[in-house]
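First comes the structure, then the notes that go with it.
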Number of protein chains: 2
Amino acid sequence: MEKTNIIKRIVDAGLKKTKYRVNIIDLLEKADNLLSANDIHSILLKENTKVDLSTVYRTLDKLTKNNIINRIELEKENKSLYEYNRKKHHHFMICKNCNKIETIYECPLSEYEEKIQADSNFLITGHKIEFYGYCKDCQKKLKIN
Amino acid sequence: MEKTNIIKRIVDAGLKKTKYRVNIIDLLEKADNLLSANDIHSILLKENTKVDLSTVYRTLDKLTKNNIINRIELEKENKSLYEYNRKKHHHFMICKNCNKIETIYECPLSEYEEKIQADSNFLITGHKIEFYGYCKDCQKKLKIN
DNA sequence: CTCAATGCAAACCGTTTGCATGCTC
DNA sequence: GAGCATGCAAACGGTTTGCATTGAG
């Protein structure tokens with residue numbers, strides 16, 4: 001994504017444009033996997049962008065609350081992970097052996113939510129699914145199948 | 001559940017029968033909601049069963065690994081919750097307002113897993129679903145609908 | 001100029017661990 | 001008696017917070 005578009009997203013959200021916000025959005029937009037606050041902090045330091053961890057946390061918080069990025073909390077991860085918000089509803093598959101995370105861009109639950117709602121007292125507004133299993137490599141490694 | 005049955009479960013799992021293991025299983029079996037390590041610790045103290053928090057953690061760990069209880073990690077809870085393992089596959093609904101947790105004893109994903117598997121390189125062995133929304137009380141309170 | 005963003009250091013909180021002692025089998 | 005379970009105190013790791021300083025609009 002172009003820098004100008006990143007800045008537009010920040011300003012459109014009513015946020016101040018700062019160095020770290022631009023940097024972090026850029027970085028997440030380019031990343032092809034989920035990143036933790038610590039991952040992001042390390043990457044920035046490696047790029048000679050000196051920044052405090054607490055600033056990274058505060059930035060991620062702001063961007064999450066403004067729906068520019070998503071905070072993902074997965075079972076067995078003791079930390080939050082972040083992704084650029086591409087506005088496409090999706091879920092994850094997690095390898096129980098190597099912890100690789102793959103995205104599923106498809107959702108089986110749209111009609112089911114209505115059904116559940118009819119049966120319950122809850123007004124359902126969303127859901128989260130995680131699939132567990134073994135990725136291709138680990139199936140081989142562990143000789144599963 | 002009778003004490004003798006609890007003890008049977010412990011012994012059958014090849015574990016030593018100890019005071020706290022019996023106590024904690026009993027407590028979780030009777031509980032009608034999910035409990036945290038800290039909840040359990042407090043309840044035991046209140047019942048005049050003096051026990052260290054670290055022992056509670058170690059006990060919960062052992063029981064989880066032996067499938068006598070389940071460890072549940074829900075989004076937005078920064079701590080693990082535990083339930084007695086009734087061996088029935090189920091999911092949870094979480095109220096975004098009051099955090100009430102309700103159980104859904106029904107699963108929409110059994111066939112879907114096969115489909116996803118055909119489309120991907122993963123060998124899927126399980127999944128987890130959380131539904132978010134508003135419970136009956138909070139719908140009223142917040143005047144939703 | 002004002003208020004929000006940042007750096008720094010310290011606190012927080014759930015959880016884990018090392019070690020000496022106690023208990024179950 | 002051997003080895004696991006427990007208590008105690010301390011560490012751990014991700015995250016948050018208070019406060020003084022800097023920077024964006």
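Chain identifiers are assigned alphabetically (A, B, ...) following the order of the sequence lines, protein sequences preceding nucleic acid strands; residue numbering begins at 1 within each chain. The figures that follow rest on heavy atoms only: side chains count, while hydrogens, waters and symmetry mates do not.
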- Task: Measure from CD1 on B:I10 to P on D:dC4 and round the result to the nearest Å.
- Result: 17 Å
- Considering just the side-chain nitrogens and oxygens of B:Y20, establish if one lies under 4.0 Å of OP1 or OP2 belonging to D:dC4. no
- Item | Check: B:K50 and B:L44 side chains under 4.5 Å, non-hydrogen atoms | no
- Query: For B:E113 and B:H127, does a side-chain donor sit closer than 3.5 Å to a side-chain acceptor?
  - Reply: yes
- B:R21 side-chain N/O to B:I7 backbone N/O, donor-acceptor pair under 3.5 Å: no
- For A:N23 and C:dT6, give me the distance from atom CG to atom P, rounded to whole Å. 11 Å
- Mind calculating the distance between CD1 (B:I40) and P (C:dG14) to the nearest angstrom? 14 Å
Review item, nucleotides 20-25 of chain C N/O atoms under 3.5 Å of protein N/O:
from, atom 1, to, atom 2, distance (Å)
C:dC25, OP1, B:K17, N, 3.1

- Task: Take the protein atom NZ of A:K50 and the nucleotide atom P of D:dT22, then report the distance between them rounded to whole Å.
- Result: 13 Å
- Query: When you measure from the side chain of A:V51, which nucleotide among D:dC8, C:dG7, D:dT6 comes out closest?
  - Reply: C:dG7
- Could you state the atom-to-atom distance from CD of A:E77 to P of C:dT15 in whole Å? 16 Å
- Return the orientation label for the A:Y105 and A:H90 ring planes: parallel under 30°, perpendicular over 60°, tilted otherwise. tilted
- Task: Rounded to the nearest angstrom, tell me the gap between atom NZ in B:K65 and atom P in D:dC4.
- Result: 14 Å
- Task: Side-chain contact test, heavy atoms from C-beta onward, threshold under 4.5 Å: evaluate it for B:L28 versus B:L63 and give yes or no.
- Result: no
- Message: Working note: A:E106 + A:H91, criterion side chain to side chain contact (heavy atoms under 4.5 Å, CB included); need CA distance, chi angles, decisive distance, verdict.
- Response: CA-CA 8 Å; A:E106 183 186 357; A:H91 301 297; over 6 Å; no
- The contact string for nucleotides 13-20 of chain D, one letter per nucleotide 5' to 3', using protein heavy atoms under 4.0 Å with B, S and - for base, sugar-phosphate only and none, comes out as -SBBBB--
- Query: Taking CG from A:L44 and P from C:dG7, how many angstroms apart are they, rounded to a whole number?
  - Reply: 10 Å
- Are side-chain heavy atoms of B:K76 and B:N99 found at a separation under 4.5 Å? no
- If you measure from CE on A:M93 to CD1 on A:I129, what distance do you get to the nearest 0.5 Å? 12.0 Å
- Message: Using 0.5 Å steps for rounding, measure from the CG atom of A:N78 to the CD atom of A:E73.
- Response: 11.5 Å
- Message: Rounding to an integer number of Å, can you tell me how far B:I25 CD1 sits from D:dA5 P?
- Response: 13 Å
